[in-house]
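Report on one structure; see the data block that follows.
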Protein chains: 2
Amino acid sequence: MTGYDLKRHFDSTVGHFWTADKAHIYRTLAQLVAEGCAEVETVAGAGAPDRQEHHITAAGRAALAAWLASEPERHVERDPFLARVFFGADLDDDGLRSLFTRRREAVLAQLARFERMRAEAEASDRGARLRLATLDNGIAHLRTELAWLDTVEEEVV
Amino acid sequence: MTGYDLKRHFDSTVGHFWTADKAHIYRTLAQLVAEGCAEVETVAGAGAPDRQEHHITAAGRAALAAWLASEPERHVERDPFLARVFFGADLDDDGLRSLFTRRREAVLAQLARFERMRAEAEASDRGARLRLATLDNGIAHLRTELAWLDTVEEEVV
DNA sequence: CGACCATAGTTGACAAGTCTACTAGGTGAC
DNA sequence: GTCACCTAGTAGACTTGTCAACTATGGTCG
(Lines give C-alpha, C1' and ligand atoms only; values in the text may rest on other atoms or scores of the structure.)
Protein backbone atom coordinates (compact mmCIF):
# COMPACT_ATOMS: atom_id res chain seq x y z
CA MET A 1 0.00 0.00 0.00
CA THR A 2 0.90 3.66 -0.21
CA GLY A 3 0.80 5.96 2.80
CA TYR A 4 -2.37 7.41 1.37
CA ASP A 5 -4.03 3.98 1.12
CA LEU A 6 -2.97 3.20 4.67
CA LYS A 7 -4.47 6.41 5.96
CA ARG A 8 -7.81 5.51 4.40
CA HIS A 9 -7.67 1.99 5.82
CA PHE A 10 -6.86 3.33 9.28
CA ASP A 11 -9.80 5.73 9.08
CA SER A 12 -12.28 3.13 7.84
CA THR A 13 -11.56 -0.46 8.86
CA VAL A 14 -9.37 -0.35 11.97
CA GLY A 15 -10.15 3.16 13.21
CA HIS A 16 -12.09 1.92 16.21
CA PHE A 17 -9.05 0.29 17.77
CA TRP A 18 -6.13 2.03 16.09
CA THR A 19 -5.95 5.55 14.74
CA ALA A 20 -3.07 7.15 12.85
CA ASP A 21 -2.07 10.57 11.64
CA LYS A 22 -0.80 10.70 8.06
CA ALA A 23 2.45 12.43 9.03
CA HIS A 24 3.07 9.53 11.37
CA ILE A 25 2.19 6.94 8.73
CA TYR A 26 4.63 8.37 6.17
CA ARG A 27 7.41 8.64 8.76
CA THR A 28 6.81 5.10 9.98
CA LEU A 29 6.88 3.78 6.41
CA ALA A 30 10.23 5.53 5.83
CA GLN A 31 11.52 3.97 9.06
CA LEU A 32 10.32 0.50 8.05
CA VAL A 33 12.17 0.88 4.75
CA ALA A 34 15.31 2.04 6.59
CA GLU A 35 15.06 -1.04 8.85
CA GLY A 36 14.62 -3.34 5.88
CA CYS A 37 11.09 -4.35 6.85
CA ALA A 38 9.58 -2.85 3.71
CA GLU A 39 10.54 -1.95 0.15
CA VAL A 40 9.31 0.93 -1.98
CA GLU A 41 8.21 0.72 -5.59
CA THR A 42 7.32 3.91 -7.40
CA VAL A 43 4.32 3.35 -9.64
CA ALA A 44 3.29 5.96 -12.20
CA GLY A 45 -0.08 7.33 -11.23
CA ALA A 46 -2.91 6.91 -13.72
CA GLY A 47 -4.31 10.43 -13.95
CA ALA A 48 -2.90 11.14 -10.51
CA PRO A 49 0.46 11.67 -8.78
CA ASP A 50 2.96 8.81 -8.64
CA ARG A 51 2.35 6.23 -5.92
CA GLN A 52 5.02 5.02 -3.52
CA GLU A 53 3.86 1.47 -3.07
CA HIS A 54 5.30 -0.24 -0.02
CA HIS A 55 5.74 -4.01 0.09
CA ILE A 56 6.63 -6.08 3.13
CA THR A 57 9.97 -7.95 2.97
CA ALA A 58 10.94 -11.28 4.49
CA ALA A 59 12.51 -9.39 7.41
CA GLY A 60 9.26 -7.46 7.75
CA ARG A 61 7.24 -10.68 7.87
CA ALA A 62 9.58 -12.02 10.56
CA ALA A 63 9.20 -8.83 12.60
CA LEU A 64 5.41 -9.04 12.21
CA ALA A 65 5.38 -12.66 13.36
CA ALA A 66 7.50 -11.78 16.40
CA TRP A 67 5.20 -8.90 17.26
CA LEU A 68 2.08 -11.05 16.87
CA ALA A 69 3.47 -13.63 19.27
CA SER A 70 4.70 -11.04 21.78
CA GLU A 71 2.78 -9.98 24.85
CA PRO A 72 0.33 -7.19 23.93
CA GLU A 73 1.64 -3.89 25.27
CA ARG A 74 -0.43 -2.60 28.14
CA HIS A 75 -3.05 -0.41 26.53
CA VAL A 76 -2.98 3.12 27.95
CA GLU A 77 -6.55 3.98 28.76
CA ARG A 78 -7.56 7.61 28.59
CA ASP A 79 -11.29 8.19 28.32
CA PRO A 80 -12.27 11.87 28.41
CA PHE A 81 -15.95 11.00 28.79
CA LEU A 82 -15.49 8.80 31.88
CA ALA A 83 -13.16 11.43 33.31
CA ARG A 84 -16.05 13.90 33.12
CA VAL A 85 -18.43 11.42 34.73
CA PHE A 86 -15.92 10.95 37.56
CA PHE A 87 -16.14 14.67 38.37
CA GLY A 88 -19.83 14.78 37.43
CA ALA A 89 -20.91 15.97 40.88
CA ASP A 90 -19.43 19.36 39.95
CA LEU A 91 -21.93 19.62 37.09
CA ASP A 92 -25.52 20.73 37.50
CA ASP A 93 -28.37 18.40 36.49
CA ASP A 94 -28.67 19.86 33.00
CA GLY A 95 -24.94 19.61 32.41
CA LEU A 96 -24.90 16.00 33.51
CA ARG A 97 -27.92 15.07 31.40
CA SER A 98 -26.34 16.79 28.42
CA LEU A 99 -23.10 14.87 28.98
CA PHE A 100 -24.93 11.54 28.90
CA THR A 101 -27.17 12.54 25.99
CA ARG A 102 -24.24 13.56 23.81
CA ARG A 103 -22.46 10.36 24.69
CA ARG A 104 -25.50 8.31 23.77
CA GLU A 105 -25.77 10.08 20.41
CA ALA A 106 -22.09 9.51 19.63
CA VAL A 107 -22.35 5.83 20.59
CA LEU A 108 -25.50 5.32 18.52
CA ALA A 109 -23.90 6.98 15.48
CA GLN A 110 -20.80 4.81 15.80
CA LEU A 111 -22.94 1.70 16.28
CA ALA A 112 -24.93 2.48 13.12
CA ARG A 113 -21.65 2.81 11.15
CA PHE A 114 -20.32 -0.47 12.52
CA GLU A 115 -23.55 -2.34 11.82
CA ARG A 116 -23.57 -1.07 8.25
CA MET A 117 -19.97 -2.31 7.87
CA ARG A 118 -20.97 -5.60 9.48
CA ALA A 119 -23.82 -6.11 7.03
CA GLU A 120 -21.50 -5.54 4.07
CA ALA A 121 -18.72 -7.77 5.34
CA GLU A 122 -18.02 -11.35 4.37
CA ALA A 123 -16.50 -14.02 6.59
CA SER A 124 -14.92 -16.00 3.80
CA ASP A 125 -11.71 -17.33 5.38
CA ARG A 126 -10.14 -17.33 8.84
CA GLY A 127 -8.41 -14.01 8.25
CA ALA A 128 -11.69 -12.37 7.29
CA ARG A 129 -13.44 -13.93 10.28
CA LEU A 130 -10.76 -12.55 12.61
CA ARG A 131 -10.96 -9.07 11.09
CA LEU A 132 -14.72 -9.29 11.43
CA ALA A 133 -14.27 -10.33 15.06
CA THR A 134 -12.54 -7.01 15.81
CA LEU A 135 -15.59 -5.25 14.39
CA ASP A 136 -17.90 -7.44 16.49
CA ASN A 137 -15.80 -6.49 19.50
CA GLY A 138 -16.50 -2.84 18.80
CA ILE A 139 -20.21 -3.50 18.34
CA ALA A 140 -20.44 -5.51 21.57
CA HIS A 141 -18.72 -2.76 23.55
CA LEU A 142 -20.92 -0.04 22.06
CA ARG A 143 -24.04 -2.00 23.05
CA THR A 144 -22.65 -2.42 26.55
CA GLU A 145 -22.03 1.30 26.69
CA LEU A 146 -25.68 1.98 25.77
CA ALA A 147 -26.94 -0.41 28.44
CA TRP A 148 -24.64 1.20 31.00
CA LEU A 149 -25.89 4.66 30.01
CA ASP A 150 -29.48 3.51 30.62
CA THR A 151 -28.63 2.29 34.12
CA VAL A 152 -26.59 5.36 35.06
CA GLU A 153 -29.20 7.81 33.87
CA GLU A 154 -31.86 6.01 35.84
CA GLU A 155 -29.80 5.76 39.01
CA VAL A 156 -27.94 9.04 39.11
CA VAL A 157 -29.62 11.81 37.18
CA MET B 1 -3.14 16.39 47.17
CA THR B 2 0.55 15.96 46.56
CA GLY B 3 1.94 14.56 43.33
CA TYR B 4 2.62 11.38 45.23
CA ASP B 5 -1.01 11.09 46.40
CA LEU B 6 -2.21 11.75 42.86
CA LYS B 7 -0.01 9.01 41.48
CA ARG B 8 -1.52 6.52 43.91
CA HIS B 9 -5.04 7.64 43.07
CA PHE B 10 -4.37 7.33 39.36
CA ASP B 11 -3.02 3.83 39.85
CA SER B 12 -5.89 2.68 42.04
CA THR B 13 -9.21 4.42 41.49
CA VAL B 14 -9.16 5.91 37.98
CA GLY B 15 -6.47 3.75 36.41
CA HIS B 16 -8.91 1.90 34.16
CA PHE B 17 -9.82 5.02 32.22
CA TRP B 18 -6.92 7.37 32.89
CA THR B 19 -3.31 6.51 33.55
CA ALA B 20 -0.50 8.89 34.44
CA ASP B 21 3.25 8.80 34.77
CA LYS B 22 4.59 10.52 37.88
CA ALA B 23 6.96 12.72 35.92
CA HIS B 24 3.96 13.92 33.99
CA ILE B 25 1.91 14.49 37.15
CA TYR B 26 4.57 16.65 38.81
CA ARG B 27 5.08 18.68 35.63
CA THR B 28 1.35 19.19 35.17
CA LEU B 29 0.99 20.32 38.78
CA ALA B 30 3.79 22.87 38.27
CA GLN B 31 2.01 24.07 35.14
CA LEU B 32 -1.33 24.37 36.95
CA VAL B 33 0.36 26.49 39.62
CA ALA B 34 1.99 28.67 36.93
CA GLU B 35 -1.45 29.14 35.33
CA GLY B 36 -3.02 30.05 38.65
CA CYS B 37 -5.29 27.00 38.71
CA ALA B 38 -3.63 25.59 41.83
CA GLU B 39 -1.68 26.75 44.88
CA VAL B 40 1.09 24.94 46.72
CA GLU B 41 1.38 24.62 50.47
CA THR B 42 4.47 22.97 51.89
CA VAL B 43 3.53 20.78 54.82
CA ALA B 44 6.21 19.36 57.10
CA GLY B 45 6.18 15.60 56.76
CA ALA B 46 5.39 13.59 59.90
CA GLY B 47 8.27 11.14 59.92
CA ALA B 48 8.58 11.58 56.17
CA PRO B 49 9.75 14.14 53.62
CA ASP B 50 7.89 17.45 53.34
CA ARG B 51 4.71 17.33 51.27
CA GLN B 52 3.88 19.82 48.53
CA GLU B 53 0.12 19.92 48.97
CA HIS B 54 -1.72 21.35 45.98
CA HIS B 55 -5.07 23.07 46.40
CA ILE B 56 -7.42 24.12 43.63
CA THR B 57 -8.03 27.89 43.30
CA ALA B 58 -11.17 29.72 42.18
CA ALA B 59 -9.61 30.01 38.71
CA GLY B 60 -8.93 26.28 38.82
CA ARG B 61 -12.56 25.54 39.71
CA ALA B 62 -13.71 27.72 36.83
CA ALA B 63 -11.36 25.91 34.42
CA LEU B 64 -12.63 22.55 35.72
CA ALA B 65 -16.26 23.60 35.23
CA ALA B 66 -15.49 24.75 31.68
CA TRP B 67 -13.76 21.47 30.92
CA LEU B 68 -16.62 19.42 32.39
CA ALA B 69 -19.13 21.22 30.17
CA SER B 70 -16.93 21.02 27.06
CA GLU B 71 -17.27 18.37 24.39
CA PRO B 72 -15.24 15.30 25.41
CA GLU B 73 -12.11 15.12 23.25
CA ARG B 74 -12.24 12.30 20.77
CA HIS B 75 -10.65 9.37 22.55
CA VAL B 76 -7.71 7.98 20.60
CA GLU B 77 -8.19 4.26 20.52
CA ARG B 78 -5.12 2.07 20.32
CA ASP B 79 -5.67 -1.51 21.38
CA PRO B 80 -2.61 -3.73 20.88
CA PHE B 81 -4.64 -6.87 21.55
CA LEU B 82 -7.25 -6.20 18.85
CA ALA B 83 -4.44 -5.20 16.49
CA ARG B 84 -3.01 -8.70 16.96
CA VAL B 85 -6.41 -10.29 16.38
CA PHE B 86 -6.74 -8.29 13.16
CA PHE B 87 -3.56 -9.93 11.83
CA GLY B 88 -4.35 -13.21 13.57
CA ALA B 89 -4.42 -15.18 10.32
CA ASP B 90 -0.62 -14.85 10.30
CA LEU B 91 -0.48 -16.78 13.59
CA ASP B 92 -0.67 -20.54 13.85
CA ASP B 93 -3.46 -22.19 15.88
CA ASP B 94 -1.38 -22.40 19.05
CA GLY B 95 -0.34 -18.78 18.79
CA LEU B 96 -3.91 -17.66 18.31
CA ARG B 97 -5.19 -19.77 21.19
CA SER B 98 -2.42 -18.43 23.39
CA LEU B 99 -3.32 -14.86 22.41
CA PHE B 100 -6.92 -15.37 23.48
CA THR B 101 -6.01 -17.30 26.64
CA ARG B 102 -3.65 -14.59 27.85
CA ARG B 103 -6.28 -11.97 27.10
CA ARG B 104 -8.88 -13.91 29.05
CA GLU B 105 -6.54 -14.23 32.03
CA ALA B 106 -5.75 -10.51 32.00
CA VAL B 107 -9.44 -9.61 31.77
CA LEU B 108 -10.40 -12.02 34.57
CA ALA B 109 -7.67 -10.62 36.83
CA GLN B 110 -8.79 -7.05 36.17
CA LEU B 111 -12.44 -8.02 36.72
CA ALA B 112 -11.58 -9.59 40.08
CA ARG B 113 -9.81 -6.37 41.14
CA PHE B 114 -12.75 -4.23 40.06
CA GLU B 115 -15.31 -6.44 41.80
CA ARG B 116 -13.30 -6.30 45.02
CA MET B 117 -13.26 -2.51 44.74
CA ARG B 118 -16.97 -2.53 43.96
CA ALA B 119 -17.75 -4.57 47.09
CA GLU B 120 -15.80 -2.13 49.28
CA ALA B 121 -17.31 1.00 47.77
CA GLU B 122 -20.19 3.05 49.12
CA ALA B 123 -22.68 5.04 47.07
CA SER B 124 -23.39 7.65 49.71
CA ASP B 125 -24.00 10.80 47.66
CA ARG B 126 -24.33 11.69 43.99
CA GLY B 127 -20.57 12.22 43.61
CA ALA B 128 -19.85 8.79 45.03
CA ARG B 129 -22.53 7.21 42.81
CA LEU B 130 -20.97 8.84 39.74
CA ARG B 131 -17.47 7.67 40.66
CA LEU B 132 -18.90 4.22 41.24
CA ALA B 133 -20.57 4.40 37.84
CA THR B 134 -17.15 4.70 36.18
CA LEU B 135 -16.15 1.50 37.96
CA ASP B 136 -19.37 -0.20 36.85
CA ASN B 137 -18.55 0.91 33.32
CA GLY B 138 -15.22 -0.90 33.56
CA ILE B 139 -16.88 -4.03 34.98
CA ALA B 140 -19.56 -4.06 32.26
CA HIS B 141 -16.95 -3.77 29.49
CA LEU B 142 -14.78 -6.50 31.01
CA ARG B 143 -17.77 -8.86 31.10
CA THR B 144 -18.55 -7.99 27.49
CA GLU B 145 -14.95 -8.76 26.59
CA LEU B 146 -15.24 -12.20 28.22
CA ALA B 147 -18.46 -12.96 26.36
CA TRP B 148 -16.87 -11.83 23.09
CA LEU B 149 -13.83 -14.03 23.77
CA ASP B 150 -16.14 -17.04 24.23
CA THR B 151 -17.82 -16.42 20.88
CA VAL B 152 -14.60 -15.78 18.98
CA GLU B 153 -12.83 -18.82 20.33
CA GLU B 154 -15.80 -20.99 19.37
CA GLU B 155 -16.13 -19.51 15.88
CA VAL B 156 -12.57 -18.96 14.79
CA VAL B 157 -10.06 -21.17 16.56
C1' DC C 1 -12.37 30.29 -16.04
C1' DG C 2 -11.95 29.78 -11.36
C1' DA C 3 -13.17 27.26 -7.27
C1' DC C 4 -13.00 23.23 -5.15
C1' DC C 5 -12.09 18.38 -4.36
C1' DA C 6 -9.44 13.89 -4.53
C1' DT C 7 -5.05 11.86 -4.97
C1' DA C 8 -0.21 11.62 -3.16
C1' DG C 9 3.40 13.01 -0.37
C1' DT C 10 6.72 16.15 2.62
C1' DT C 11 8.31 19.01 6.40
C1' DG C 12 8.98 21.88 10.73
C1' DA C 13 7.47 22.90 15.05
C1' DC C 14 5.25 21.24 18.96
C1' DA C 15 2.82 18.87 22.57
C1' DA C 16 2.33 14.80 25.18
C1' DG C 17 3.99 11.22 27.59
C1' DT C 18 7.70 7.81 29.19
C1' DC C 19 12.10 6.07 31.01
C1' DT C 20 15.74 6.35 33.87
C1' DA C 21 18.27 8.02 37.28
C1' DC C 22 18.85 10.88 40.90
C1' DT C 23 18.30 13.21 46.04
C1' DA C 24 16.77 12.40 50.72
C1' DG C 25 14.68 10.95 55.18
C1' DG C 26 12.38 7.30 57.89
C1' DT C 27 10.91 2.30 59.00
C1' DG C 28 11.26 -2.54 59.50
C1' DA C 29 13.64 -7.09 58.79
C1' DC C 30 17.42 -10.10 59.36
C1' DG D 1 24.34 -2.34 60.92
C1' DT D 2 23.00 -2.52 56.46
C1' DC D 3 19.76 -3.57 53.16
C1' DA D 4 15.40 -3.07 51.25
C1' DC D 5 11.39 -0.51 50.99
C1' DC D 6 8.15 3.51 51.48
C1' DT D 7 7.38 8.35 51.19
C1' DA D 8 8.23 12.60 48.31
C1' DG D 9 9.99 15.04 44.67
C1' DT D 10 13.22 16.51 40.58
C1' DA D 11 15.31 16.48 35.97
C1' DG D 12 17.30 15.21 31.39
C1' DA D 13 16.80 12.68 27.43
C1' DC D 14 13.97 10.56 24.71
C1' DT D 15 9.98 8.60 21.84
C1' DT D 16 5.58 9.20 20.08
C1' DG D 17 2.17 11.47 17.92
C1' DT D 18 -0.25 15.83 16.21
C1' DC D 19 -0.97 20.18 13.72
C1' DA D 20 -0.49 22.97 10.12
C1' DA D 21 1.31 24.31 6.14
C1' DC D 22 3.24 23.22 1.91
C1' DT D 23 4.08 21.03 -3.14
C1' DA D 24 1.93 18.78 -7.11
C1' DT D 25 -1.58 16.87 -10.62
C1' DG D 26 -5.98 16.06 -12.60
C1' DG D 27 -11.06 16.20 -12.63
C1' DT D 28 -15.71 18.20 -11.92
C1' DC D 29 -19.11 21.81 -11.28
C1' DG D 30 -21.25 26.07 -12.22
Side-chain angles (χ1 to χ4, degrees), chain A residues 1-35 37-55 63 67 70-83, chain B residues 1-35 37-55 63 67 70-83:
Chain A
M1 284 190 202
T2 66
Y4 196 85
D5 295 336
L6 279 165
K7 177 59 180 156
R8 279 191 309 184
H9 272 74
F10 271 104
D11 289 348
S12 57
T13 57
V14 302
H16 76 284
F17 63 84
W18 207 284
T19 53
D21 182 85
K22 85 190 167 111
H24 191 44
I25 288 171
Y26 282 111
R27 279 177 182 139
T28 305
L29 280 174
Q31 199 189 316
L32 287 172
V33 171
E35 285 168 358
C37 289
E39 282 168 345
V40 193
E41 184 193 349
T42 304
V43 176
D50 289 356
R51 297 160 50 79
Q52 306 262 99
E53 285 190 0
H54 290 74
H55 303 276
W67 176 81
S70 70
E71 193 60 29
E73 308 78 29
R74 183 143 161 51
H75 176 200
V76 174
E77 300 286 351
R78 195 145 301 187
D79 188 331
F81 165 73
L82 281 185
Chain B
M1 288 190 199
T2 66
Y4 195 84
D5 295 337
L6 279 165
K7 177 58 181 158
R8 279 191 308 184
H9 272 74
F10 271 104
D11 290 348
S12 56
T13 58
V14 301
H16 75 285
F17 63 84
W18 208 285
T19 53
D21 182 86
K22 89 188 165 111
H24 192 43
I25 288 172
Y26 282 111
R27 278 175 187 144
T28 304
L29 280 175
Q31 200 189 315
L32 286 172
V33 171
E35 286 167 359
C37 290
E39 282 168 346
V40 192
E41 184 194 350
T42 304
V43 176
D50 289 356
R51 295 161 51 77
Q52 307 263 97
E53 286 189 0
H54 291 73
H55 303 276
W67 176 81
S70 70
E71 193 61 28
E73 307 79 28
R74 181 142 164 52
H75 177 200
V76 175
E77 300 285 352
R78 197 145 298 186
D79 188 331
F81 165 72
L82 281 185

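Side chains are part of it too, since the values below use all heavy atoms of this structure and drop only hydrogens, waters and symmetry mates.
Under the side chain to side chain donor-acceptor pair (under 3.5 Å) criterion, B:D11 pairs with B:K7, not counting sequence neighbours. For A:E71, the salt bridge (charged side-chain N to carboxylate O under 4.0 Å, His left out) test picks out B:R102, with sequence neighbours left out. The side chain to side chain donor-acceptor pair (under 3.5 Å) search around A:T13 returns none, not counting sequence neighbours. By the ring-ring contact (aromatic ring centres under 6.0 Å, His included) test, A:H54 pairs with no residue at all, sequence neighbours left out. Listed by chain and residue number, B:T2, B:E41, B:V43, B:R51, B:H55 satisfy the side-chain contact (heavy atoms from CB on, under 4.5 Å) test with B:E53 (two or more places apart in sequence, or in another chain). The side chain to side chain donor-acceptor pair (under 3.5 Å) check on A:T42 picks up A:Q52, with sequence neighbours excluded. Partners of A:A38 according to the side-chain contact (heavy atoms from CB on, under 4.5 Å) rule, which considers only residues two or more places apart in sequence or in another chain, are A:L32, A:V33. A:E73 is linked by a side-chain contact (heavy atoms from CB on, under 4.5 Å) to A:W67, B:P80, B:R84, counting only residues two or more places apart in sequence or in another chain.
Between the side chain of A:S12 and the main chain of A:R8, a donor-acceptor pair closer than 3.5 Å is present.
Nucleotides of DNA chain C that come within less than 4.0 Å of any heavy atom of chain A span, from the 5' end to the 3' end, C:dA6 to C:dG17. Bounding nucleotides for the chain A contact on DNA chain D, 5' to 3', at a heavy-atom distance below 4.0 Å, are D:dG17 to D:dG26.
Nearest-nucleotide assignment on DNA chain D puts the 5′-proximal partner with A:A20, out of A:A20 and A:A48. Residue-to-nucleotide proximity on DNA chain C shows that, of B:P49 and B:K22, the 5′-proximal contact is made by B:K22.
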Could you tabulate the donor-acceptor pairs under 3.5 Å formed by side-chain atoms of residues 23-30 of chain A, not counting sequence neighbours?
residue : atom : partner : partner atom : Å
A:Y26   : OH   : A:Y4    : N            : 3.2
A:T28   : OG1  : A:H24   : O            : 2.7

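Remark: A:A23, A:Y26, A:R27 in residues 23-34 of chain A come within less than 4.0 Å of DNA chain C through at least one heavy atom.
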